[in-house]
Amino acid sequence: MTYNHKAIEKKWQAAWDAKKTFKVTESSKKKKYILEMFPYPSGSGLHMGHALNYTIGDIFARFQRMLGFNILYPIGYDALGLPAENAAIKAKSHPKKFTDDAIKNFITQQKALGLSYDWSRVLRTCDVEYYKWNQYFFLKLFEKDLVYRKNAPVNWCSECNTVLANEQVHSGMCWRHASTPVVIKQLEQWFIKTTAYADELLDTIPKLDWPDRIKSMQENWIGKSFGTEINFLINDKSWKIFTTRPDTLFGVTFMVISAQHSQLMDLVTAEQKPTVEKFLHKIHSTSDADLDVLEKDGVFTGSYAIHPITEEKIPIWAGNFVIAEYGSGMVMAVPAHDQRDFEFAKKYEISIKVVIQPGAKEVDPEDMDSAFVNDGVLVNSGKFDGLKKDVAIEEITTFLDKQKMGKKAVQYKLRDWLVSRQRYWGTPIPIVYCDDCGVLPVLEKDLPIVLPEKVKFGEGNPLASNEEFVNTSCPKCKGKARRETDTMDTFFDSSWYFLRYTDNLNKKLPFDKKKGNYWMPVDVYIGGAEHACMHLMYARFFTKALRDLGFVKCDEPFTKLFNQGMLHGEDGHVMAKSRGNVINPLDITKQVGADALRLFLVSVAAPDKDFAWSSSGLESIAKIIKRIPLLFENLKLGNSNKKVESKINKAIKEISEDITSFDYNLAVIKLRKLIEDFSQVDEMAKADAESFLKIFHPFCPHLTEELWGKIGNKPFISLADWPKCNEKKIDKKFEQEEELISKTQRDIVHVKGLLKLEKPKVYIYCIPPEVKIFEEQQEFLTSVTGSKFVKVFASNAKDIVDPEKKAKKAKPGRPSIYLE
RNA sequence: GCGGGAAUGCCGGAGUGGUCAAACGGGCUGGGUUUAGGACCCAGUAGCUUAGUGCUUACCUAGGUUCGAGUCCUAGUUCCCGCACCA
């Protein structure tokens, strides 16, 4: 049989499609929900990273399905979003057409990989049947006060022409445009109160079966810190200033308010106004460039704060290094014990007061060349002198609390999720503005707010200029009103799509609770690490919020997270068009087949490690695969000898373990070995041949379906039971014997080569118990060594022929040999 | 600066307390086969040694725990990733 991968793969892909082989419904069986991060359908189609992602998932899904689990393994498309809109504008097309085409292309390519998705559950976020539930959830969150509108300084990307959430700003740049700095704008925007769940989002992290890296990234992102809130009186108004170092309270010599603070101008005196304005102008114009080498900069505001204990007057400065949104946007500066404050004080010649001393000797601030931040004992701190740092933190906080001048407090870095976007290709936010009634949510019965298809691109947000869309009536007074023209961040779509898969055709509800609770949570979620603090954070928040709204029972959406490694080009660099090292999955499936591509992708390295494409590696895998049909062609189905039984059972055991732990690369090694072992075998039991195909199946589904039929089975091996390992049949003795024979064989061949003997006489001297093994294998040894004369002696045999006295060297597991 | 991860042959990578470190793949070298090239097959690829056997040295560095460590602990070096003036 010649192996025609094209015909075989096409045949089985069509068969799976026609028979809906992988369609699932809820049942009494134990479920497993296996999911890959759904793709953004870009115009350039599926790339090799996608192929790797889906192969990892499909192998696992096929394996678990054969183990007898009820497997939900769906796919969908994250189809709304900016790139489609921009691409459509450029091509003078429409995002809808553009997206439809891209999705069709994706589906073709995914089917060519032989992925076992339940294609009846496909969802597209750009369909109104999907995004109307975005609007529904928006309203539900609104009812729960988890959505609010606020005028705030927000991140703006001039390339995207829209605002961004904090999570979408990476090192001061837009997440889509690494060279476009984000600018701060003061705008009225919609926010989702993710911070309401900050504690739970943080506390449940340790329970997640996720990579440590991702978990720590989320922990850092939430950034919980414990400290003290201290009241400083400023112009007769009390300001709550957060600090983690209340022990240094007596060392405060100035305050710094953020240059972006909304109330900054209230503190600026008439006299200082020109200076401050000049300063603000300066930081505004420099904020775009050199963000990371920004020097500490500031000006005096003219105002003073009153120290809560000493009642001293403390000058308030405005500074570029204080974050407006964190704490109260103002810090108490202790230059002696904080490096940033120290640098600022040195620059502007503000006094430095030491209040913590490392030893008995007094420290002169003049001698300091950096802040002292370690443990020590309090000095110059009134009645708190002599206390150790940690004790002082407690005591000063308690004292402030009693005096009603402060209290213990907790701060987070996590900020609320800014969800409105000033772009067209997204879910319209279901809000109406009425001059008389104010800002009102759309009534649930009036959903969906359909995204109009006929719009003009090119001048700002196309929705804003669409009269038909904008003009509406007030849900309360029925008078004239305007629609919100902002759309939702597309991360809103991806925050719950995994729930929609559980009941994707439901017209009355986002999903049926019973179905949701049957399938959720996702048992294994597979995808790249780039979403650590974006999608994965939002999805966790959403799940918790929906739980509290009564939609689902689970606390966390993704029990296990698996991060695939990065795929590099053959030159070692990241695969990129600009480098010209891109390999198209579809080309490879045409050349060597999907089975070969799949097997290769998981054979180079563990799937969570980075690796580079290798065309020779692919070829070697393609060759191995070709040997399988040959093996079956020459195979007689009858009885297996003990050796075959041992090998197959060992392989079942090891490969099951390897797939379970995602060590696919190790499973591939064992599969290769099995092919080599079995290429010597001309007869085996049908059950063993079946087992062989089954353990190969998750990796090479098409070829194994084909051979499954060839040995007389009805379709589908895809739905067959995973073989059970019979441990009793695994015989270590065979392994040892084999080792013995192969070592001996190597020795013979080696010596033969060294002596340049064509057809030598071979004498083997082994310990007596091993004689039998060699005698059984004599035929084999004869054939592989090319020598017809092979004699085996026990080392103590009486009739021994041993001209060189080699026999006494024989050891267990290692015979001695003589060639002549 | 803070946090996470890693360091094994020429290369990619196995191996997480013990019967053998380097499986498996690639590369390279030699041999076979071949009109040639490719493909295929065999062997070698730390050092010394033996016709094969055998011995020694080796898992970033330095200490430590242990009968026993690539594997655990401590310190350091280097690299990768993430966050970055979070008070």
Side-chain angles (χ1 to χ4, degrees), chain A residues 169-172 211-225 227-228 230 241-246 248 255-256 258 291-292 294-297 319-334 337-341 343-344 373 411-415 529-530 532-533 566 568 572 600 603-606 608-612 614-621 623-624 663 665-673 732 736 739 743-757 760 764 784-786 804 806 809-811 813-820:
Chain A
V169 180
H170 295 171
S171 309
D212 290 342
R213 185 166 63 115
I214 307 292
K215 293 208 273 188
S216 97
M217 279 165 78
Q218 288 214 348
E219 274 167 12
N220 290 339
W221 191 260
I222 295 166
K224 186 178 191 176
S225 55
T228 306
I230 304 175
I241 307 297
F242 180 77
T243 179
T244 53
R245 296 292 305 275
T248 62
M255 314 285 285
V256 188
S258 167
L291 264 169
D292 30 339
L294 208 60
E295 201 191 319
K296 283 170 192 50
D297 230 340
N320 64 347
F321 65 96
V322 176
I323 293 162
E325 298 285 295
Y326 186 79
S328 55
M330 195 191 306
V331 298
M332 57 174 237
V334 186
H337 306 295
D338 181 284
Q339 188 57 27
R340 294 155 302 183
D341 301 346
E343 285 167 26
F344 195 86
V373 296
Q411 280 292 331
Y412 299 92
K413 282 201 240 181
L414 182 76
R415 270 163 266 166
E530 66 273 15
C533 294
M566 281 270 283
H568 298 260
F600 169 70
S603 70
V604 186
D608 59 344
K609 293 235 173 105
D610 295 355
F611 72 98
S614 150
S615 46
S616 52
L618 177 72
E619 268 177 49
S620 119
I621 285 285
K623 270 185 254 165
I624 287 279
D663 290 318
N665 55 326
L666 303 182
V668 174
I669 290 164
K670 283 149 200 164
L671 289 168
R672 290 178 88 132
K673 229 178 212 156
K732 266 201 172 166
Q736 284 165 352
E739 186 80 12
K743 272 187 185 170
T744 308
Q745 174 203 333
R746 259 203 307 265
D747 288 349
I748 295 169
V749 170
H750 195 159
V751 176
K752 198 178 116 186
L754 284 171
L755 301 182
K756 298 204 188 328
L757 295 171
I764 296 172
V784 295
T785 57
E804 294 270 318
K806 296 277 186 187
K809 283 191 175 177
K811 286 178 187 170
R814 200 87 215 198
S816 67
I817 56 168
Y818 175 68
L819 274 67
E820 63 175 20

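In what follows, every chain begins at residue 1, and chains take the letters A, B, ... in the order their sequences are listed. Here the structure is a predicted model, which is why all the values come from computation and not from measurement. Computed from heavy atoms alone, side chains included, the values below leave out hydrogens, waters and symmetry copies.
Which of B/G52, B/C85, B/G3 sits closest to the side chain of A/Ser216 comes down to B/G3. In this structure, of B/G5, B/C83, B/A87, it is B/A87 that holds the atom nearest to the side chain of A/Ile323. The A/Val604 side chain lies nearest to B/G12 when the options are B/C83, B/G12, B/G4. When distances are taken from the side chain of A/Thr244 to each of B/C85, B/A87, B/G3, the shortest belongs to B/A87. Checking B/G4, B/G82, B/G12 against the side-chain heavy atoms of A/Asn220 singles out B/G82 as nearest.
An OP1 or OP2 oxygen of B/A87 is reached within less than 4.0 angstrom by a side-chain nitrogen or oxygen of A/Ser225.
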**Study point:** Protein proximity profile, nucleotides 22-29 of chain B - base contact B, sugar-phosphate-only contact S, no contact -, cut-off 4.0 Å on heavy atoms
**Key:** -BSSS---
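Across the protein-nucleic acid pair, A/Ile214 atom CD1 and B/G3 atom P stand 18 Å apart, rounded to whole Å. When rounded to the nearest whole Å, the span between CH2 of A/Trp221 and C1' of B/G3 equals 14 Å.
When each of A/Asp212 and A/Lys413 is assigned the nucleotide of RNA chain B bearing its nearest heavy atom, the one mapping closer to the 5' terminus is A/Asp212.
Contacts of A/Tyr818 with the nucleic acid, taken as non-hydrogen atoms under 4.0 Å apart, include base atoms. Among the atoms of the strands shown, none is found under 4.0 Å from any heavy atom of A/Ala612. Heavy atoms of A/Asp610 sit under 4.0 angstrom from primed sugar atoms or phosphate atoms, though from no base atom. Using a 4.0 Å heavy-atom criterion, one finds that A/Lys609 contacts the sugar-phosphate atoms exclusively.
Summarising the base pairing, B/A87 is matched to no nucleotide, lacking a Watson-Crick or G-U wobble pair whose two defining distances lie under 3.5 Å. Base pairing of B/C67: its partner is B/G18, meeting the Watson-Crick or G-U wobble criterion (both donor-acceptor distances under 3.5 Å).
Separation of the P atoms belonging to B/G52 and B/U61 is 32 Å when rounded to the nearest angstrom. Spacing of C1' atoms, B/U16 relative to B/C72, comes out at 10 Å, to the nearest Å. For the C1' atoms, the distance from B/G17 to B/C73 is 13 Å, rounded to whole Å. A gap of 32 Å separates the C1' atoms of B/A23 and B/G76, to the nearest Å. Distance noted for atom P between B/G63 and B/G47: 27 Å (whole Å). Atom C1' of B/G26 sits at a distance of 30 Å from the matching atom of B/U19, rounded to the whole Å. A gap of 16 Å separates the C1' atoms of B/G70 and B/U66, to the nearest Å. Rounded to whole Å, the separation between the C1' atoms of B/A58 and B/C20 comes to 15 Å.
Syn is the glycosidic conformation of B/G9, whose angle stays within 90° of 0.
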